[in-house]
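Just below is one structure, and these are the notes that go with it.
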Protein chains: 2
Amino acid sequence: MTDRGSLRSTLHQRGMRMTPQRQLVLDAVRELEHATPEQVCKRVQGTAATVNITTVYRALDLLEELGLVRHTHLGHGAPTYSVEEHEHVHLVCHRCDDIDEVPTELLGDLADRLDAARGFALDATHLALSGVCRKCREANPHVEERR
Amino acid sequence: MTDRGSLRSTLHQRGMRMTPQRQLVLDAVRELEHATPEQVCKRVQGTAATVNITTVYRALDLLEELGLVRHTHLGHGAPTYSVEEHEHVHLVCHRCDDIDEVPTELLGDLADRLDAARGFALDATHLALSGVCRKCREANPHVEERR
DNA sequence: GTACTTGCAAATCTTTTGCAGACTC
DNA sequence: GAGTCTGCAAAAGATTTGCAAGTAC
């Protein structure tokens, strides 16, 4: 149900439409990756200057409900949105705020272990792992400051 | 430098003091575990009603700078504070918002693998892992909704 | 015409900042 | 008396809500 046609009909069943604003928001999320609502709004306004941030929030909610985008908490406040297919684990450096991505396979059997230990179904892509990135470690090897 | 005496002298070196408000905030964090600034404030006000939320924020910042407390992003907005020694990985259920904790050892060699793959120094306690807890899975086994 | 969408303004919530008075040494 | 600490009020930033006007079918 990810292709354009079925998206339209999914919306239609609910009496909703794929409006230009919603399409622009979806496009912006696709293009930007890891964008905050604010950033998405800026991007959309590059094409259609009058689109309101309120509309962006509402569109993001709707698109998330439809399973087209998802949001990830990268720490320090702002959630970021990306398209649903964009599946990997995020690594956030809390020194420079850089975001790196690694395939979920790198987690190995962590999900299984959490399931076994606590019955917890891990959703690895929803949250980021925090730490210090290579660049920052090389720049300043001793501090392991946290934010 | 975690005991009361050296804390006092650390503060003193900076021309600062361990005021009743700061002590109350520290106590509240100790008692509550995973408390938001809001919750800490409520707790403190139970003892000293006039303490302002501003003071709580400032005390939390200071205590964090001193390495006595740390904050963790558990997703959906609010950071929560806990005492520094409180070291484990948090599992947040995004259905019921329940927080579970597992020893960091359960991550196995994840930290090593991230280091090897990306030179990333994982700080496992800073962020939570997100997913669905046992209770919610049993209550409603099919949905794997995200928040 | 009805129902959905949008933009705008205002409300809300969280966190930060400026400042004057109180307190400590 | 100098410098720190606090409470209050206001500012700032992010997100949500109410509502009237616009639009699609």
Side-chain angles (χ1 to χ4, degrees), chain A residues 7-26 28-29 34-66 68-69 71-81 97 147, chain B residues 7-26 28-29 34-66 68-69 71-81 97 147:
Chain A
L7 167 57
R8 284 212 132 76
S9 56
T10 305
L11 283 167
H12 192 256
Q13 284 165 26
R14 304 209 207 176
M16 294 171 159
R17 277 156 283 153
M18 194 59 185
T19 64
Q21 286 89 336
R22 287 169 182 168
Q23 187 64 57
L24 286 169
V25 168
L26 180 54
V29 171
H34 311 130
T36 62
E38 195 75 18
Q39 294 169 322
V40 171
C41 186
K42 285 266 186 311
R43 178 77 167 214
V44 168
Q45 288 177 339
T47 307
T50 67
V51 174
N52 196 278
I53 181 109
T54 306
T55 303
V56 173
Y57 276 105
R58 286 191 281 226
L60 287 172
D61 279 354
L62 176 65
L63 294 172
E64 184 153 30
E65 211 186 308
L66 294 173
L68 290 169
V69 308
H71 75 270
T72 305
H73 296 281
L74 297 180
H76 58 280
T80 68
Y81 287 78
D97 283 347
R147 201 185 289 167
Chain B
L7 168 56
R8 284 212 132 75
S9 56
T10 305
L11 283 166
H12 191 255
Q13 284 165 25
R14 304 208 206 176
M16 295 171 159
R17 277 155 283 151
M18 193 60 185
T19 64
Q21 286 90 335
R22 285 169 183 170
Q23 187 64 56
L24 285 169
V25 168
L26 180 54
V29 172
H34 312 129
T36 63
E38 196 75 18
Q39 295 169 321
V40 170
C41 187
K42 285 265 186 311
R43 178 78 168 215
V44 168
Q45 289 177 340
T47 308
T50 67
V51 173
N52 196 279
I53 182 114
T54 305
T55 305
V56 173
Y57 276 105
R58 286 190 281 225
L60 286 172
D61 278 354
L62 175 65
L63 294 171
E64 185 154 30
E65 210 185 309
L66 293 173
L68 289 169
V69 308
H71 74 270
T72 306
H73 296 281
L74 297 180
H76 58 280
T80 67
Y81 286 78
D97 283 347
R147 200 185 291 164

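Each chain gets a letter, A, B and so on, in the order the sequences are listed, and its residues count up from 1.
Taking atom CG of Leu60(B) as the reference point, atom P of dT14(C) lies 15 Å away to the nearest angstrom. At whole-Å resolution of the value, CZ in Arg14(B) and P in dA2(D) are 24 Å apart.
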List the atom pairs, with distances to 0.1 Å, where a side-chain N or O of residues 12-21 of chain B and a protein N or O form a donor-acceptor pair under 3.5 Å, not counting sequence neighbours.
| from | atom 1 | to | atom 2 | distance (Å) |
| --- | --- | --- | --- | --- |
| Arg14(B) | NH1 | Glu65(B) | OE2 | 2.9 |
| Thr19(B) | OG1 | Arg22(B) | N | 3.2 |

Distance-only donor-acceptor hits, side chain of residues 39-46 of chain A, under 3.5 Å, sequence neighbours excluded:
| from | atom 1 | to | atom 2 | distance (Å) |
| --- | --- | --- | --- | --- |
| Gln39(A) | OE1 | Thr36(A) | N | 2.7 |
| Gln39(A) | OE1 | Thr36(A) | OG1 | 3.3 |
| Arg43(A) | NE | Glu31(A) | OE1 | 3.1 |
| Arg43(A) | NH2 | Glu31(A) | OE1 | 2.5 |
| Gln45(A) | NE2 | Val51(A) | O | 2.7 |

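In terms of position on DNA chain C, the residue among Ile53(B) and Leu62(A) whose nearest nucleotide sits closer to the 5' end is Leu62(A).
Every pair tested for salt bridge (charged side-chain N to carboxylate O under 4.0 Å, His left out) that includes a residue from residues 47-62 of chain B fails, sequence neighbours excluded, so the list is empty.
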Return the polar atom pairs (N/O with N/O) between nucleotides 22-25 of chain C and the protein under 3.5 Å, or none.
| from | atom 1 | to | atom 2 | distance (Å) |
| --- | --- | --- | --- | --- |
| dT24(C) | O4' | Arg17(B) | NH1 | 2.9 |

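Only at 4.0 angstrom or more do the heavy atoms of residues 38-46 of chain B sit from any atom of DNA chain C, so none qualifies.
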Nucleotide by nucleotide, nucleotides 6-12 of chain D touches protein heavy atoms under 4.0 Å in the pattern (B base, S sugar-phosphate only, - none) BBBB---
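Here the side chains of His34(B) and Thr72(B) are not in contact, with every heavy-atom distance at 4.5 Å or above. Contact annotation: the side chain of Leu7(A) approaches that of Leu68(A) to within less than 4.5 Å [non-hydrogen atoms, C-beta and beyond]. Residues Thr55(B) and Val25(B) form no side-chain contact, since every pair of their non-hydrogen atoms from C-beta on lies 4.5 Å or further apart.
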